[in-house]
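Side chains included, hydrogens not; waters and symmetry mates left out as well; all remaining heavy atoms used.
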Amino acid sequence: MAVFQFKPPQRVEARTHLQLGSVLYHHTKNSELARNHLEKAWIISQQVPQFEDVKFEAASLLSELYCQQNLVDSAKPLLRKAIQISQQTPYWHCRLLFQLAQLHTLEKDLVSACDLLGVGAEYARVVGSEYTRALFLLSKGMLLLMERKLQEVHPLLTLCGQIVENWQGNPIQKESLRVFFLVLQVTHYLDAGQVKSVKPCLKQLQQCIQTISTLHDDEILPSNPADLFHWLPKEHMCVLVYLVTVMHSMQAGYLEKAQKYTDKALMQLEKLKMLDCSPILSSFQVILLEHIIMCRLVTGHKATALQEISQVCQLCQQSPRLFSSHAAQLHTLLGLYCISVNCMDNAEAQFTTALRLTTHQELWTFIVTNLASVYIREGNRHQELYNLLERINPDQSFPVSSHCLRAAAFYIRGLFSFFQGRYNEAKRFLRETLKMSNAEDLNRLTACSLVLLGHIFYVLGNHRESNNMVVPAMQLASKIPDMSVQLWSSALLKDLNKACGNTMDAHEAAQMHQNFSQQLLQDHIAACSLPEHNLISWTDGPPPVPFQAQNGPTTTSLASLL
């Protein structure tokens, strides 16, 4: 500040305003004063020739500050002007294009963001930076995947694959491009519910991250200033690879594997968060927790799942942006928890809230499928159920291309037909689920379909065929392990063996059923006794503050665990 008393030349004055603005922006909460200095730096630097570093850094920081103050309409024209006048400065031109594309993405204007990334890719090609061209194109591919523009994604990813393979440069940069490319391929397969088809890509990705972890960062700066970018730090990439591995394990029904990788990823995240406050780390943490919560509900650890749901609430309390992007998932998880503790009215309220909050087609379909299962269990919601089933009809125009969700929709149809006593129709739907789930190794759906088919054959008096279904269902459920399917299978095995006069086997199955019932009942009571159980009533507004303990459980019924 003292420098200004000496009426310095414009170059010194602009640089000093930039330095003051930067210090105030990064290290204080005095954003108004920071903005004042950055605006002066931007205005003065435009009058000084050959002063690119100060001019464009001021524009970049100032637009960040505007966004922080919700002044997006001030940030956009500022970035556009800076982009327009930075064409002779490759590093800043690319950086500002990325920044404006990110701003459009946050506003969910993915079309404008894709256009800018396309402009950036062409500019990078012209200035001879194939590396940054690949970064622009991969970023565009990521947004096209988010928009479900699959016709445009495939040729773009093919081009990216060629650029990445042909680029000869810094080994860490090359491998990080390959990780970006493979992460897009893996998530594309997982979005399509193709758990088996994704395995070669996932294996490549895991090998790639191992290669990166053995490489040393070279401090040699690239000769082309347009190459001065990197996608993610390698520590972040490592967590991301764990994350997509967890997503795969969850979909495939390898729940112990999902647990193992989640533990590793969360441990690494905790270490990183001590040194780095990057918002992407909180996003990774929330997505990991969302997946492990679903695993816990399947494996009969409802109390732990509930505490982790509360943890997600707390992470979302700290970041409004995180809450706005994960609110629907949070209510969906609460709906799944409500089903597991047999609170069907609350489950319906949670799923209805989640449907209101999402525009994501896959999530919408997942929620509707689960809401249909709630209506089936309630038994008196036929009109609502018919309306829902019409919207997720797997025999006709299914709303999404996900193989996994379509197989689940067949299962829900089979479940409904079973409850209505239309057994032949139920068998048709369930055989369709089995065909689809076997094709892509969807173990949980396979186990659920087998046990329900076993139940149908038992009701029809075909004990041999029932046994042929229930025994493999039990084996698969034990491998996952899926507690509800094990409970259901052991009850059926007990009745089957009793009907066939196999007293010893019937006794053994009865003992198994008793053990599973006890385990689930204890966990049920423990979960409902937690103060966090009150979250089942939250359907509006931001996530609530941590709950106070209440007196005893609100529900102890274990009437329906199927």
Identify all side-chain donor-acceptor contacts of residues 7-15 below 3.5 Å with residues at least two apart in sequence or on another chain.
from, atom 1, to, atom 2, distance (Å)
Gln10, NE2, Gln47, OE1, 2.8
Arg11, NH1, Pro49, O, 3.2
Arg11, NH2, Gln50, O, 3.3

Just checking, any donor-acceptor pair under 3.5 angstrom between side chains of Gln87 and Tyr123? no

Aromatic ring pairing His188/His154, orientation class (parallel under 30°, perpendicular over 60°, tilted between): tilted

Can you list every salt bridge (charged side-chain N to carboxylate O under 4.0 Å, His left out) pair that touches residues 261-284, not counting sequence neighbours? none

Residues at least two apart in sequence or cross-chain that pass salt bridge (charged side-chain N to carboxylate O under 4.0 Å, His left out) with Lys199, listed by chain then number, are Asp441

In terms of side-chain heavy atoms, does Gln173 have a donor or acceptor partner in His230 at a distance below 3.5 Å? no

Looking only at heavy atoms, the pair that brings Leu103 and Ala75 closest together is CD2-CB, 3.9 Å

Hey, are the side chains of Val312 and His326 touching, using non-hydrogen atoms and a 4.5 Å cut-off? no

Counting only heavy atoms not in Gln46, do more than 12 fall under 6.0 Å of its CD? yes

Is the Phe4 ring parallel, tilted or perpendicular to the His37 ring (thresholds 30°, 60°)? parallel

Would you please say whether a donor-acceptor pair under 3.5 Å links the side chains of Gln204 and Arg178? no

Hey, can you pull the donor-acceptor pairs under 3.5 Å for the side chains in residues 248-255, sequence neighbours left out?
from, atom 1, to, atom 2, distance (Å)
His248, NE2, Val195, O, 3.0
Ser249, OG, Thr245, O, 2.9
Gln251, NE2, Leu190, O, 2.9

Side chains of Gln99 and Ser63: is there a donor and an acceptor less than 3.5 Å apart? yes

Under the side chain to side chain donor-acceptor pair (under 3.5 Å) test, residues paired with Glu32 that sit two or more places apart: Gln69

Qualifying salt bridge (charged side-chain N to carboxylate O under 4.0 Å, His left out) pairs with a residue from residues 142-153, counting only residues at least two apart or across chains: Glu147-Lys149, Arg148-Asp191, Arg148-Glu362

Does any non-hydrogen side-chain atom of Tyr66 lie less than 4.5 Å from one of Glu39? yes

Looking only at side chains, do His360 and Thr358 share a donor and an acceptor under 3.5 Å apart? no

Between Tyr261 and Tyr242, how do the two ring planes meet: parallel, tilted or perpendicular, split at 30° and 60°? tilted

